Amino acid sequence: MRISFCCTDTRAEPWLLGLRAALAGAEVAEWSPGAPQADYAVVWGPPQQFIDEQPALRGIFNIGAGVDGLLRLRLPAGARVVRLDDAGMGVQMAEYVCHALIRHFREFDGYERDMAEGRWSFRKPRSRSDFPVGILGMGVLGQRVARAVAQFEFPVRGWSRSPRQVEGVDCFAGPAQLDAFLAGTRVLVCLLPLTPATEGILNRDTLARLLPGGYLINVARGAHLVDADLLALLDTGQLAGATLDVFRTEPLPTDHPFWREPRLTLTPHTSARTLRDESIAQIARKIAALERGEPIAGIVDPARGY
Ligand code: NAP
Ligand code: GLV
């Protein structure tokens, strides 16, 4: 079996060694133009030429959860695209979102400023029942985050495409229930895949529907957010602030107004990193299952876009 590795911004060698160790007998090589046809591909941001030269792949394994970049390429009809299914990202995402949520709710950002200026002052405790958390996207990561947020006793609601039942979560589904979901949410977490249906979903209309003092945590993709609308709602005071991990252009351009807005907390697309060992183990397990003709989780539906 031949496996072709083609990942931009990733050092190939440790992945090649790991994949060889996990898939005994497999020939694993980094792709270069004209390389022999492989059976499986392990990719992140491959060029169109890679896809065009490998029309008979039995599986294309994306080393991330989001496949929006990969689906922008022309893929062969019937291509089997497989995304990472948690692989250690769930707990990182839970940490990140809880950190942002608690920092905002407990006003730790304000305390940090006060202490830095030599001020020993207290703020009035706030009630977590006034801070219902709404999660857009109740998939692998959204559900993990919902569980973690619920542990801190915040009310939790979730929105997905198809109806779901998740213990301890008020569930909403589809466009018809989006307004009701937003109207009862104060802290909005975006964990949607980027698809034609979700691009720009964080806009003036949707964000203005949040409870007063709304707060946004975007950990999905930059193109979910209409940047100018967020800034406008911060200016009018309709939103209290936001934590943003993802941006329309990454790295965030130095002249982008987000850098200068004090109510924003920014991080460089790091909320849930791909963990090499966990990812290799998952990909190897799935390749072995496919070779045995067994079903696997995490197959992407290109028509749905995720
Ligand atoms: P997933 O398991 O595929 O879950 C996606 C969720 O979104 C599902 O609940 C799905 O609904 C819902 N959804 C999709 N389209 C929708 C629509 N049009 N309307 C309403 N709900 C919709 O994905 P995941 O593994 O949780 O990952 C989510 C996203 O997180 C990824 O696509 C990626 O963009 C982002 N991510 C970011 C980082 C980072 O470091 N910042 C790291 C990892 C992932 P159904 O339940 O009905 O299918
Ligand atoms: C990271 O953004 C991912 O999609 O895994």
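The analysis underlying the following values was restricted to heavy atoms, covering all of them including side chains, and did not include hydrogens, waters or symmetry mates. Residues take their numbers from the sequence shown, with the count starting at 1. If you're wondering where the values come from, they're calculated on a predicted model, not measured in any experiment. Counting starts at 1 for both ligands and their atoms, in listed order.
The salt bridge (Lys or Arg N to Asp or Glu O under 4.0 Å) contacts involving residues 41-64 comprise Asp39-Arg58, Asp52-Arg74, Arg58-Glu291, where partners must be two or more places apart or lie in separate chains.
Taking a cut-off of under 4.0 Å to the non-hydrogen atoms of Ala197, the atoms of ligand 1 that pass are 18 (N). With ligand atoms numbered from 1 in the order given, ligand 1 contributes 1 (P), 2 (O), 3 (O), 23 (O), 24 (P), 25 (O) to contacts under 4.0 Å with heavy atoms of Arg83. Heavy-atom proximity to Met138, at under 4.0 Å, picks out these atoms of ligand 1: 6 (C), 8 (C), 9 (O). Atom numbering of ligand 1 starts at 1 in the shown order; those under 4.0 Å from a heavy atom of Gly66 are 31 (C), 32 (O), 33 (C).
Between the side chains of Tyr215 and Thr243, at least one donor N or O lies within less than 3.5 Å of an accepting N or O.
Salt-bridge check for Asp130 with Arg186: failed, with every basic side-chain N at 4.0 Å or more from each acidic carboxylate O.
Checking side-chain atoms of Arg157 against main-chain N and O of Phe172 turns up no donor-acceptor pair under 3.5 Å. When atom types are taken as modelled, the side chain of Arg273 and the backbone of Leu275 share no donor-acceptor pair closer than 3.5 angstrom.
The 4.0 Å heavy-atom shell around ligand 2 contains residues Gly64, Ala65, Gly66, Met89, Arg221, His269, ordered by chain and number.
At a 4.0 Å heavy-atom cut-off, ligand 1 touches Arg164 through the side chain alone. If you look at Asp86 next to ligand 1, there are no close heavy atoms at all, none under 4.0 Å. Proximity of Val246 to ligand 1, defined as any heavy-atom pair under 4.0 Å, is confined to the side chain (atoms from C-beta onward).
Among all non-hydrogen protein atoms, the one lying nearest atom 44 (C) of ligand 1 is Leu141 CD1, 3.5 Å. Of the protein's non-hydrogen atoms, Val219 O, 3.1 Å is the one closest to atom 37 (C) of ligand 1.
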Tell me which donor-acceptor pairs under 3.5 Å the side chains of residues 190-203 have, and how far apart each pair is, sequence neighbours excluded?
{"from": "Thr195", "atom 1": "OG1", "to": "Ala197", "atom 2": "N", "distance (Å)": "3.2"}
{"from": "Thr195", "atom 1": "OG1", "to": "Thr198", "atom 2": "N", "distance (Å)": "3.3"}
{"from": "Thr195", "atom 1": "OG1", "to": "Thr198", "atom 2": "OG1", "distance (Å)": "3.4"}
{"from": "Thr198", "atom 1": "OG1", "to": "Pro193", "atom 2": "O", "distance (Å)": "2.6"}
{"from": "Thr198", "atom 1": "OG1", "to": "Thr195", "atom 2": "N", "distance (Å)": "2.9"}
{"from": "Thr198", "atom 1": "OG1", "to": "Thr195", "atom 2": "O", "distance (Å)": "3.4"}
{"from": "Thr198", "atom 1": "OG1", "to": "His224", "atom 2": "NE2", "distance (Å)": "3.2"}
{"from": "Asn203", "atom 1": "OD1", "to": "Asp205", "atom 2": "N", "distance (Å)": "2.9"}
{"from": "Asn203", "atom 1": "OD1", "to": "Thr206", "atom 2": "N", "distance (Å)": "2.9"}
{"from": "Asn203", "atom 1": "OD1", "to": "Thr206", "atom 2": "OG1", "distance (Å)": "3.2"}
{"from": "Asn203", "atom 1": "ND2", "to": "Gly200", "atom 2": "O", "distance (Å)": "2.9"}

Contacts under 3.5 angstrom, residues 17-36 side chains, donor-acceptor by atom type, not counting sequence neighbours:
{"from": "Arg20", "atom 1": "NE", "to": "Val28", "atom 2": "O", "distance (Å)": "3.2"}
{"from": "Arg20", "atom 1": "NH2", "to": "Val28", "atom 2": "O", "distance (Å)": "2.8"}
{"from": "Glu27", "atom 1": "OE2", "to": "Arg2", "atom 2": "NH1", "distance (Å)": "3.3"}
{"from": "Glu27", "atom 1": "OE2", "to": "Arg2", "atom 2": "NH2", "distance (Å)": "2.5"}

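Evaluated by nearest non-hydrogen atom to atom 11 (O) of ligand 1, the leading choice among Arg161, Arg304, Met93, Arg144 is Arg161.
Counting heavy-atom neighbours within 6.0 Å of Gln151 CD, excluding the residue itself, gives a total of 12 or less.
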